[in-house]
Amino acid sequence: MRKITLKHKPPEGLARQLAEDLNPSQREAAAAPDGYNLILAGPGSGKTRVITYRVAWLIGRGVPAESILLVTFTRRASREMVGRLGGLVGNEAGRVWAGTFHHVGNRLLRRSARELGFEPNFTILDGEDQTDLLRLAMDDGGLASKNKLAPKPSQVQHLISFALNTRKSLEEAVAETAGDLVEWTAEIQQVAEAYAARKLASNCMDYDDLLVLWLKLLNEHPARLAEQGKMFRHILVDEMQDTNALQIEVVEKLAAAGAGNLTAVGDDAQSIYRFRGADYDNILKFPDRHPGSRIFRLDVNYRSTPQIVALTQASIACNQTGFPKSLVSTRPDGLKPVVVAVADVYEEAALVCQEILETRDRGVPLSEMAVLYRNHYDSVVLQGELLARNIPYNVRSGIRFFEQAHVKDVLAFLRVVLNPRDEASWRRLLLLLPGIGPAKAGAVYQKLASSGDPFSAVAAAGTMAAVPPKSRGLFAAFVNDLNLIRATDPENRPAAAIQAVLAGGYPATIRQRYDKPENRLKDVEQFAVLAAKYESLERLVADLMLAGDLYGVDASGGEDPTDLLVLSSVHQAKGLEWSHVFVIRLVDDGFPNRRAVDEPGGEEEERRIFYVAVSRAKNELMLSYPSTISRGGYGPTVFSTPSRFITEVDPELYERAELEHDFEVLEIEAKPGDGDDERPTK
DNA sequence: ATGTGCGGAATTTTT
DNA sequence: TTCCGCACAT
Ligand SMILES: Nc1ncnc2c1ncn2[C@@H]1O[C@H](COP(=O)(O)OP(=O)(O)OP(=O)(O)O)[C@@H](O)[C@H]1O
């Protein structure tokens with residue numbers, strides 16, 4: 001037989017870019033041989049760049065893009081990396097399996113849901129849905145809320161999740177993180193089981209399931225393990241320091257079952273997700289787990305001025321644990337970071353706004369500036385001031401877009417269409433009807449669940465009998481709305497389904513139950529616009545439930561909606577950079593967080609959070625703290641202590657700014673024709 | 001069984 | 001300030 005060889009050329013210009021855009025140690029890491037590789041380096045040293053170029057390099061060598069798994073920490077990071085990859089290798093970039101652990105788990109579980117007892121149309125539960133189902137499970141599972149000392153649903157939720165993510169038993173998790181609840185361990189265990197049963201019965205998975213069930217699939221179905229091992233010939237994990245035991249087990253299992261090619265990238269000093277089970281030993285012990293693996297270090301910082309690097313390095317040096325890394329800035333000298341004490345949170349907001357406006361006047365776009373804070377509520381006073389001064393901004397903390405009650409209501413309509421067994425969504429919809437409370441909602445759901453076809457059951461006479469007489473009219477209208485929604489071919493045209501929700505009784509419900517109904521209706525319209533980009537309801541809903549970066553408030557008041565100031569929690573700022581960074585509310589009890597410092601290892605975790613915050617700045621960094629603070633707007637105003645993260649470093653490393661006040665003289669304009677015997681000026 | 005109104009408690013960080 | 005749980009009236 002004749003052999004024909006198809007010739008493949010590496011993408012145009014890739015070789016040149018690999019040579020020009022990377023320094024020698026970065027290049028060495030990007031072009032590391034197959035096998036287990038660890039890239040351990042400080043902030044701004046080009047880790048993200050290296051991992052992106054490594055993927056490009058692999059593709060350039062003929063590795064099929066679809067056999068590469070690139071695990072990122074956020075969806076935003078994945079989008080950015082795929083975008084940059086597109087610039088290097090063109091269309092191939094889109095075929096890489098890029099996403100967070102949860103995204104990839106979701107995609108894979110859709111294919112294999114049946115092997116785990118689920119249907120492929122399972123829905124993903126967000127935190128609130130989880131709490132709702134857990135509350136029901138607590139009623140089932142012997143944790144009646146009567147007892148004052150009994151754990152609260154949110155506590156139980158956290159414990160169950162923490163145990164799963166750390167691969168510890170519930171006993172261990174309780175003993176470690178909530179010692180006062182040890183006597184409840186048996187009940188919590190029971191609740192966990194009842195909760196899992198409810199999820200299975202309603203064909204729903206929570207965030208943890210996307211990992212737990214993925215691992216279960218790999219453990220219990222050898223064919224799937226072999227298949228996925230083959231599928232992912234190269235695995236790359238960004239932000240390795242914030243992976244937890246569960247995630248590590250999944251990737252390492254995949255790598256071992258496949259080609260044994262795993263590249264891990266990260267910085268133990270930037271590990272800030274301990275509350276979610278992250279453990280930076282996952283990165284530090286990588287060489288122990290994989291004898292013979294290569295380690296790459298990068299110690300040139302391309303991001304920040306030497307002055308900023310000096311402060312960040314001095315701060316992290318206060319931690320006793322962690323792997324020390326040298327870091328040298330390549331940038332020209334800049335200004336020292338500035339530390340300002342302000343009188344109170346209002347003065348802080350005014351100061352930050354003024355600095356931002358002046359910086360913008362000097363030609364720096366708003367999108368090159370960010371205000372970072374430890375706790376979401378640290379941003380609310382500033383938001384008020386930004387609104388008053390017409391500075392457009394984008395918030396990345398707090399409630400996500402889809403977590404707002406009205407968006408969740410609309411989502412519930414879509415979700416029951418998608419997965420008619422979705423208990424959380426049925427309950428949510430039923431509870432919107434006046435006269436139907438938890439008991440009736442439960443009874444109706446039972447009728448739906450026990451029938452083969454919930455949609456005919458919901459319209460059946462027997463179901464109506466369970467509805468109190470005075471609610472029957474509204475219930476019938478609700479059933480009618482559901483039918484109209486289902487008639488729009490919602491699976492393939494999600495936007496039309498949302499329009500159908502808006503055409504039914506739901507807007508009246510919004511007006512009756514919620515404040516600011518017009519704003520909320522606008523959000524729903526916005527949701528429809530977003531949905532119009534999708535041709536699959538399943539993908540829309542899954543994307544939304546996993547959309548960690550889509551927040552509610554997008555106050556783009558200005559003319560140029562693309563130039564927005566960023567307000568972000570430090571956690572959401574991970575991996576990002578801005579020219580000018582403002583870190584606010586640097587008071588002890590706030591940043592570091594008061595509750596965190598009491599936990600063992602808590603102070604060092606908080607210091608890492610501070611480290612992440614200050615290392616986001618490229619050119620200028622301002623740290624501010626109010627000298628007086630009233631806790632959250634209630635309670636008395638007290639003197640505050642400046643954050644230990646400021647006071648513990650050498651004062652030579654920053655410049656202290658004095659705040660002066662300049663009152664523009666108020667001239668009362670005399671109206672022409674007025675006499676001179678006016679009221680006295682104040 | 002629902003819904004309202006009171007009092008007390010409490011606020012990390014997120015997929 | 002807001003949210004949650006509880007007691008009471010419907
Ligand atoms: N060799 C290089 N030459 C010029 N600029 C570079 C080089 N490597 C990285 N940079 C730039 O330095 C900045 C930081 O890079 P990158 O975000 O990849 O760092 P990182 O190590 O991932 O940081 P972090 O740990 O903070 O997420 C980016 O603006 C990047 O473009």
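Lettering follows sequence order; numbering is per chain, from 1.
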* Structure fact -> Quick note, A:Pro434 side chain, CB onward, closest among B:dT14, B:dG3, B:dT12 is B:dG3

* To do: Using a heavy-atom cut-off of under 4.0 Å over every strand shown, decide if A:Phe101 touches base, sugar-phosphate, or nothing.
  => nothing

* To do: Remember a base hit wins even if backbone is also touched, and classify A:Asn375 as base, sugar-phosphate or nothing at under 4.0 Å, heavy atoms.
  => sugar-phosphate

* Asked: Looking for any heavy atom pair under 4.0 Å, which part of the strands does A:His376 touch: base, sugar-phosphate only, or nothing?
  -> sugar-phosphate

* Asked: For A:Ile609 and B:dT14, what is the distance between atoms CD1 and C1' respectively, to the nearest whole Å?
  -> 12 Å

* Would you classify A:Glu605 as touching base, sugar-phosphate or nothing, given that sugar-phosphate means primed atoms plus P, OP1 and OP2, and contacts are heavy atoms under 4.0 Å? => nothing

* May I ask you to decide if the ring planes of A:Phe118 and A:Phe122 are parallel, tilted or perpendicular, using 30° and 60° as cut-offs? => perpendicular

* **Backbone of A:Ala343 reached by a side-chain donor or acceptor of A:Glu347 within 3.5 Å** => yes

* On a whole-Å scale, what distance lies between the P atoms belonging to C:dG5 and B:dT12? -> 15 Å

* So A:Leu164 and A:Tyr207, side-chain contact (heavy atoms from CB on, under 4.5 Å) or not? Walk me through it. -> CA-CA 11 Å; A:Leu164 292 171; A:Tyr207 294 128; over 6 Å; no

* To do: Indicate, with a heavy-atom threshold strictly under 4.0 Å, whether A:Lys440 touches base, sugar-phosphate, or nothing.
  => sugar-phosphate

* To do: Taking A:Gln270 for its side chain and A:Val612 for its backbone only, find out whether a donor-acceptor pair lies under 3.5 Å.
  => no

* A:Ala439 side chain: which of B:dA1, B:dT12, B:dT13 is closest? -> B:dA1

* Measure the distance from NE2 on A:His158 to P on B:dT12 and round it to the nearest whole Å. => 12 Å

* Asked: Counting any heavy atom closer than 4.0 Å, what does A:Pro468 reach on the DNA or RNA strands: base, sugar-phosphate only, or nothing?
  -> nothing

* Where the side chain of A:Phe275 is concerned, which of B:dG3, B:dT14, B:dT2 is the nearest nucleotide? -> B:dT14

* Asked: A:Leu550 has an atom CG; how far is it from atom C1' of B:dT14, in whole Å?
  -> 15 Å

